[in-house]
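A quick write-up on the structure given underneath.
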Amino acid sequence: MIMTSGSEEYTVEDSDESLLDFREINDFDFDIPEVAAPTLEKVLWDMESEEGSDTTSLQSFQSMTSRFRSMMSHCILQGLSTQISSAADRVKAGLPSVIANSLKYVAVGTSHGYILNFDSEQNLCWCYQNPSLVDQGAVSALAFNLESTRLLVGYERGYITMLDAKSGDMIRQMPDAHAPQTAVLHLRFTFLHNLALCGDSSGCVFSLGFNRKLGMRTWDSKCLFSGARGEVCVFEPLVQGHDVNFLSRHALVAMATLSKIIVISVKPRLKVHFNQQLPKISSSLPLISWQLVSIGKTFQPVLAWARANYLHYARLITNFGSSSNNRIRLMPLRNVQLPYTLTALHWLGTRHLALLDTSENLHLVEVRTQRELELLELSNAGLVYGSAHFKALAVGGGVSEAFALAGERACYNSLSSRGTQLLLLGTKAVHLVKLRTWPERIIFLSEQGRWAEALNLAAEEGLNKESFTIELLTRYLENLNQNTVDKDSLTAAVACCVRLNKIDILCNELLEAVTTDQHNLDWYYSLLTDHICGGSLKDLSPSVSQMLVAHLEHRDPQLLESILLSLEIGCLDLHQVLKVCKRLNLYNAWIHITTRTLGDYTSPLVEFLTDLTPSNNRLGNTLLVYVSSCLAGLGYPNGSIPESDVPRVKYDVLRCLETVHSINGKSDEGSYPYLRALLRYNTRECLNVVELAFTEAEFLGEMGLLQRQRLIHILMQIVTPPQFSDSQIINLACFISRLVTNDSLAIDESMLTSVIQSLTNLAGDSLTLRDHSEKEQAWLDLLKAKKLTQFDLTKLLEMALKSRCYRVAEHLHELQGNFSSILECYLKDPVRVSDVFNYILSYIQAPERCVKQQFLENFNHLAAISCEKATEIVIDHFPDYIEALTDLLSDDTDLQYSFLSELVSSDLKLPDKIAELFLEQVCARHPCKACEFLLARPCRTEAALEITRKYRVGSSSDSLAVGAIGRMD
């Protein structure tokens, strides 16, 4: 097939050299004389096959599914079909019964014992029929050897002959090579030129050996598998891969009986390597097929076998270097259940399987994903079935019922595959189904007007065949000028141009074709934005980029910003985009374009910082990240700064922040306006940026330390009331404290005093919990780092208590040895008040801490915090103080009741006074629980009776009796 453009021609060739090259021929090439005028049916066939390999059959035109196919090409081999029909009419050859093909030939056997052999150009090479074998009936099996020099022929009455494939001369006759009174069902050559296999209707498999002794051709037959052990329905020798001694001269054969799949080696010795049970489905025959498949970096044989709707794969693994006996084995890969019942299975190439179901639909399946790619209906092909051979009707039957039932739809010898081609034998025609190559598929799709599919396919592999893809795009554009544009094809065309980097076609011819329709133009812009945002499209022509910016300006400003950040700056109209970015507040895009084109990294600060307010979060966050990136030598919002420009960028940005007054500043403008604006927006995050910048090389060493001190002085001058809140002042104090603690900053005593005053002067009312916690931590870090040795501890303690920094106060008490005041720090600290019990339990055995005394003195407070935990400590450590502690709670009866309830729920034996006090409170609060308490905790009878009478709790006599008995016990 040739695709022409101007003076260039692109020849489409099949990439598989193992395929037969079938070509159209004329009547003068036929060896059989002309016959009578064709019938209407024949005329229809001629019309179907007029276009060669791209023409579908009559039934294919009637199929809705085949209308959308492109991978499989279906045609009728008109040369073969006509000559087979002519032979039937001319010499009474009968109907076709079997077919086989090799590298050079296609052989067809007929029901009257004729064999017709054709070459790759569909020329009839010879026609053979032995008059002495007329009584042997139909040809039931054919097989070529690997070299295409010999052809084995089997007949339905059991006779086998060997013919010269080139001349058709008979070489050997084998009348009794297998079981008597059986039909020949299968013939296969192995990769050894002198070894073939034969299978008959009794289910036996025989090896046929060929020799030459004293100029005489001889043969011998040996039974490999007896049908008495299980009838073999089909077998397939592995004949691929032996050119590299893949199997070390082992001849492997896969066989399928009615119940098992078996893999054996017949050379150098007979051995079974694999067997597996088949599904017990009596109405279906098993199917097997070998293929050499790429697995990783090597090619390995894969066996596919199936029965009914079950499909299996297994990989052949060899290990001849091992000392193990099991040097050949099959590893199962995958099991698949199909929604249809199979009658034939053949590989098409190394990636696809052709599956024929009982409805005569051919399914193309991708092996790796098991996805069905296409479906081709062949019900009108009139497929030849060999059920009569399986039933051995020509020799009087004699097969088992199971064998006959399974062979009702046998078509093993009606399909023959090689490479990516599959031959199907119909009663009146020979059909060829093949996988189209990549160029063939594109041409086929484009000729049918299926541009979206053609362009998508071209985009997949177009980089390897660029000229062919450009020609396809040219044809598509010509089609656009004559027809309307559809979204699917436009989408595929844009994707193809992007994939092949054909920006000129994308921005010129394709744009021109869609400008007449606004809907198509909008869709074109949408496709461009998708590819730009996806990272596959970086460059456009300036005119298209101008149109795209104008298109998105009023529709989606955020999407426009993403587009501007992704496109190459050289294709943008800078005046247009900078104006749009400023008006729409597209800060990232403005910064990106300005810094990349002008190399000016201070202009974003000068342009936007004066407009920054605490409420403008988008601008504030953008500038903070921008400053951080610049001080770290990183590009913003993406990319990187040229390595030679990094020192200059860091210096320029830092000097800009330290600028005392802006260029166009007003008279009332404060000092350091740029840095002040960032600090007012978010002091904490701005200081984090500065702290991160201090880790850079510019702030290290002696000069770097001076840079830090200068910047810290500026920060302390800026962050002062009333412009800055207490929280912001604390943030700065904590920041400086961290630097001092880590020895990252050397400051004088006056500056340190100022920091301490900031940490202590604020009592905490105006601070958040986070600010207060950070303030305490900063103070603690300074103390632990011994940075406050010049301050008196007593004065520091007074300041800590005054500013409610109780963690600091605890630490100072520890330093002074004043342990008796520590528990009070916990009680006053709202954050750590619940941790007071952990402190008590940790130091209750330390006498110097006076925990016992502090616990008893503050018991009311502790019980109010957690009565349960306080009671547990009392029970474990102070059981003798129960009455005293109960009296301490007398002013708060609710708290006292809770304390007594916790005591009662424990196993501790309560004093009578405490039990009677609790009984009195129970009677007052929950009279119904008094009886339950008396049963569990007996009291003195007289006291209990008096209490129950006092609160008029009835029906207590039984309880008192029980209580009395309990006390007696």
Side-chain angles (χ1 to χ4, degrees), residues 528-540 545 548-549 552-553 555-657 674-675 677-678 681-682 684-693 695-696 698:
L528 291 182
T529 57
D530 290 342
H531 285 286
I532 294 171
C533 293
S536 57
L537 182 59
K538 295 289 187 181
D539 195 13
L540 290 173
S545 64
L548 184 61
V549 170
L552 294 175
E553 179 181 355
R555 289 175 172 82
D556 193 341
Q558 296 305 315
L559 178 59
L560 174 59
E561 185 170 39
S562 300
I563 296 298
L564 295 176
L565 291 174
S566 302
L567 282 175
E568 294 290 342
I569 294 179
C571 69
L572 299 175
D573 181 344
L574 297 182
H575 175 74
Q576 177 198 28
V577 296
L578 289 177
K579 183 178 178 181
V580 170
C581 290
K582 190 67 182 295
R583 180 166 53 81
L584 299 178
N585 296 328
L586 305 181
Y587 305 118
N588 286 334
W590 196 95
I591 293 173
H592 169 75
I593 295 171
T594 303
T595 55
R596 294 298 191 279
T597 54
L598 304 178
D600 184 1
Y601 288 81
T602 61
S603 57
L605 302 178
V606 176
E607 186 74 25
F608 296 116
L609 272 177
T610 54
D611 301 331
L612 179 61
T613 61
S615 60
N616 193 346
N617 292 325
R618 186 161 174 265
L619 175 59
N621 294 335
T622 297
L623 292 177
L624 282 174
V625 177
Y626 171 70
V627 170
S628 179
S629 299
C630 290
L631 294 179
L634 304 175
Y636 181 86
N638 50 45
S640 59
I641 301 173
E643 189 173 352
S644 58
D645 293 340
V646 170
R648 176 183 63 82
V649 170
K650 291 183 178 182
Y651 178 83
D652 289 348
V653 171
L654 185 61
R655 292 286 78 81
C656 180
L657 292 176
Y674 303 131
L675 186 57
L678 287 175
Y681 168 69
N682 192 323
R684 188 191 308 276
E685 294 303 326
C686 181
L687 294 175
N688 287 339
V689 169
V690 174
E691 188 172 10
L692 188 62
T695 61
E696 295 296 314
E698 287 75 12

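Here, residue 1 is the first one in the sequence, and each next residue gets the next number. For the numbers below, each heavy atom of this structure counts, side chains included, while hydrogens, waters and symmetry mates do not. Being a predicted model, the structure only gives us computed values, none of them experimental.
Between atom OG of residue S628 and atom CG of residue L623 there is a gap of 12.5 Å, rounded to the nearest 0.5 Å. In this structure, OG1 on T594 lies 10.0 Å from NZ on K582, to the nearest 0.5 angstrom. Atom CG of L552 is separated from atom CD of E561 by 12.5 Å, given to the nearest 0.5 angstrom. Separating the OH atom in Y651 from the SG atom in C630 is a distance of 16.0 Å, to the nearest 0.5 Å. Note that OG of S566 and CG of L537 are 9.5 Å apart. Values are rounded to the nearest 0.5 Å. Taking OH of Y636 as the reference point, atom CG of N588 lies at 3.5 Å (rounded to 0.5 Å).
In this structure, N688 and R684 have side chains that are in contact, with non-hydrogen atoms separated by less than 4.5 Å. The shortest distance between side-chain heavy atoms of S603 and W590 falls below 4.5 Å. Residues L678 and E685 have side chains not in contact (no heavy-atom distance under 4.5 Å, counting atoms from C-beta outward).
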Could you give me the CA-CA distance, side-chain angles and deciding distance for N621 and Y681, then say whether side chain to side chain donor-acceptor pair (under 3.5 Å) is met? CA-CA 9 Å; N621 294 335; Y681 168 69; 2.9 Å; yes

Run the side-chain contact (heavy atoms from CB on, under 4.5 Å) check on F608 and T622 step by step: do they pass? CA-CA 10 Å; F608 296 116; T622 297; over 6 Å; no

Show your reasoning for whether side-chain contact (heavy atoms from CB on, under 4.5 Å) applies to V577 and I569. CA-CA 10 Å; V577 296; I569 294 179; over 6 Å; no

Should L548 and I532 be marked as a side-chain contact (heavy atoms from CB on, under 4.5 Å) after you check the CA-CA gap, both sets of side-chain angles, and the distance that decides it? CA-CA 11 Å; L548 184 61; I532 294 171; 3.8 Å; yes

Let's go through V690 and L631 carefully: what are the C-alpha distance in whole Å and the side-chain angles of both, what is the deciding distance for side-chain contact (heavy atoms from CB on, under 4.5 Å) to 0.1 Å, and is it a yes or a no? CA-CA 9 Å; V690 174; L631 294 179; over 6 Å; no

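When all heavy atoms of L572 and I593 are compared, the closest pair comes out as CD1-CD1, 4.3 Å. Taking each heavy atom of N616 and Y587 in turn, the nearest pair found is ND2-OH, 3.8 Å. Taking both residues in full, the closest heavy atoms of L692 and T695 are given as O-OG1, 2.5 Å, listed atom of the first, atom of the second, then distance. Between L624 and C686, the shortest heavy-atom distance links the atoms CD2-CA, 3.8 Å. Residues R596 and S640 share a closest heavy-atom pair of NH2-N, 4.3 Å. When all heavy atoms are compared, the tightest approach of N585 to R618 is O-NH1, 2.5 Å.
With L605 as reference, L657 is the one residue of L612, L657, D652 to meet the side-chain contact (heavy atoms from CB on, under 4.5 Å) rule.
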